[in-house]
Protein chains: 2
Amino acid sequence: MHGANAVETIQREMTVFARRARAAAGRMHPELSLVSYTLLGHLEESGGCRATDLAAHYALDKSTVSRQVAALERSGLVERRPDAADQRAQVLHLTQAGRRVLARVTESRRAAFRERLAHWPAADLNRFADYLVRYNAWPGPARRD
Amino acid sequence: MHGANAVETIQREMTVFARRARAAAGRMHPELSLVSYTLLGHLEESGGCRATDLAAHYALDKSTVSRQVAALERSGLVERRPDAADQRAQVLHLTQAGRRVLARVTESRRAAFRERLAHWPAADLNRFADYLVRYNAWPGPARRD
DNA sequence: AGCAATGGTTGGCCTATGCAACCATGGGAG
DNA sequence: CTCCCATGGTTGCATAGGCCAACCATTGCT
């Protein structure tokens, strides 16, 4: 598990994690898939953005985003506002309900992670977090996601 | 990114990774999905096992495994042998072609990971690998996948 | 003006999965 | 030795999530 094989281990464990994550997220929050959750999260962080921005950020097809957003709007979690600067575009915003649901799911996810990482030493948590950031940052946005 | 927020960062980065992984894997190896790849890998490691074992190990529905295995068999990567001890069961084995494809994809995945991790210090790679193993090991097989 | 580029939507299609129903074999309990 | 439930697998049905291409409306450069 060490030495020259660290790369293999990382590869294998990231694969395991990837395989499990989506289903686990679905079981945890039937009301909000992993994708919907990240889209809502991005809207909250950005304070509203266009569908195209979401598609670019997550390297999803614009049709996929369009349908996801439509579903979120049907659920009343997202609203569309006209973009004053561009008549073609719509700016997406969280609704109050959207903020509530996002907060609830975030809290529940956070609790799961906290439980899972409960007995990790703080130094290890910090390093792990750094490694993940570094790993995901490669080689920059809009490529190789 | 540090201190009290390490758990949040880990949560966020794992989520990012999970969202990206499947599509990235698909782009890397059109011939072998992430799931097929892990199933083949398990067959190689275990030296052959039953579909039910695969389903249990990966917490997939047996119907899903059944179809995946059927596809792998159609592709000639896996063969079924009768289980001498149980007429209901079949023992799955890699074929020569299966071993070849698995080796090729493994190598290509490894190359991608190597590139991505190329300039990481060895100490960081080892720690990262350890953290991932520890993270995924929780709380043991057959639960919370 | 004219036309290519951009933001979005929709239709068609595919993969991956889960659940439920179903079949055949196994393995005790009587 | 039966009967019945458990187990290994397959298949029908439904859902989610994606991609690509075609299409519409608006933008904005030439």
Side-chain angles (χ1 to χ4, degrees), chain A residues 15 18-40 43 48-75 78-93 142 145, chain B residues 15 18-40 48-75 78-92 142 145:
Chain A
T15 302
R19 197 175 32 63
R20 294 173 170 179
R22 206 172 286 243
R27 254 169 277 141
M28 244 193 295
H29 322 285
E31 82 252 46
L32 208 55
S33 77
L34 194 58
V35 173
S36 299
Y37 174 74
T38 55
L39 294 185
L40 288 189
L43 287 183
C49 68
R50 299 170 308 165
T52 293
D53 301 330
L54 292 176
H57 191 78
Y58 294 115
L60 290 171
D61 193 83
K62 56 183 182 169
S63 63
T64 300
V65 172
S66 174
R67 280 183 250 264
Q68 292 282 341
V69 167
L72 291 172
E73 188 188 28
R74 273 196 300 282
S75 308
V78 156
E79 66 180 7
R80 310 168 192 253
R81 302 184 193 162
D83 182 340
D86 187 340
Q87 295 298 89
R88 296 169 298 181
Q90 310 156 11
V91 185
L92 307 170
H93 287 268
D145 56 296
Chain B
T15 302
R19 199 176 28 65
R20 293 173 170 180
R22 200 172 293 242
R27 254 170 276 142
M28 247 192 289
H29 323 285
E31 83 252 46
L32 208 55
S33 78
L34 195 58
V35 172
S36 299
Y37 174 73
T38 55
L39 294 185
L40 288 189
C49 67
R50 299 170 308 164
T52 294
D53 301 331
L54 293 176
H57 191 77
Y58 292 114
L60 290 171
D61 193 82
K62 57 183 181 170
S63 65
T64 300
V65 172
S66 174
R67 280 183 255 263
Q68 292 280 342
V69 167
L72 291 173
E73 188 188 26
R74 274 197 298 283
S75 309
V78 156
E79 66 179 6
R80 308 168 193 252
R81 301 182 194 163
D83 182 340
D86 187 339
Q87 295 298 90
R88 295 170 298 182
Q90 310 157 10
V91 185
L92 306 170
D145 55 296

Tell me: [atom1] of [X] to [atom2] of [N], nearest whole Å?
{"X": "A:Lys62", "N": "D:dC19", "atom1": "NZ", "atom2": "P", "result": "13 Å"}
{"X": "A:Arg80", "N": "C:dG8", "atom1": "CZ", "atom2": "C1'", "result": "9 Å"}
{"X": "B:Arg88", "N": "D:dT10", "atom1": "CZ", "atom2": "P", "result": "13 Å"}
{"X": "A:Leu34", "N": "D:dA16", "atom1": "CG", "atom2": "C1'", "result": "13 Å"}
{"X": "B:Asp61", "N": "C:dA21", "atom1": "CG", "atom2": "C1'", "result": "13 Å"}
{"X": "A:Asp86", "N": "D:dC29", "atom1": "CG", "atom2": "P", "result": "12 Å"}
{"X": "A:Glu73", "N": "C:dG8", "atom1": "CD", "atom2": "P", "result": "13 Å"}
{"X": "A:Tyr58", "N": "D:dG17", "atom1": "OH", "atom2": "C1'", "result": "16 Å"}

Can you tell me if the side-chain N/O atoms of [X] get under 4.0 Å from OP1 or OP2 in [N]?
{"X": "B:Thr52", "N": "D:dT7", "value": "no"}
{"X": "B:Gln90", "N": "D:dG9", "value": "no"}
{"X": "B:Gln68", "N": "C:dT17", "value": "yes"}
{"X": "B:Thr64", "N": "C:dG18", "value": "yes"}

Practice item. Mind checking the CG-CG spacing from A:Leu72 to A:Leu32? Nearest 0.5 Å is all I need. Key: 7.0 Å
Point to revise | Side chain A:Arg67 and base C:dG8 donor-acceptor under 3.5 Å | key: no
How would you label the contact of [X] with the nucleic acid (heavy atoms, under 4.0 Å): base, sugar-phosphate, or nothing?
{"X": "B:Arg50", "result": "sugar-phosphate"}
{"X": "A:Ser33", "result": "sugar-phosphate"}
{"X": "B:Val35", "result": "sugar-phosphate"}
{"X": "B:Asp83", "result": "nothing"}

Practice item. Measure the shortest side-chain to side-chain distance between B:Tyr58 and B:Leu39 over non-hydrogen atoms and say whether it is less than 4.5 angstrom. Key: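 Sidechains of B:Leu39 and B:Tyr58: in contact.
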Review point. Of A:Gln87 and A:Ser36, whose closest DNA chain D nucleotide lies nearer the 5' terminus?
Key: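 Whichever sits nearer the 5' end wins; that is A:Ser36.
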Review point. Of the nucleotides D:dT27, C:dC19, D:dA22, which has the atom closest to the B:Ser63 side chain?
Key: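 Output: C:dC19.
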Review point. Out of B:Gln90, B:Arg80, B:Gln68, which one pairs with B:Glu73 under the side-chain contact (heavy atoms from CB on, under 4.5 Å) rule?
Key: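 When B:Gln90, B:Arg80, B:Gln68 are each tested with B:Glu73, the side-chain contact (heavy atoms from CB on, under 4.5 Å) holds only for B:Arg80.
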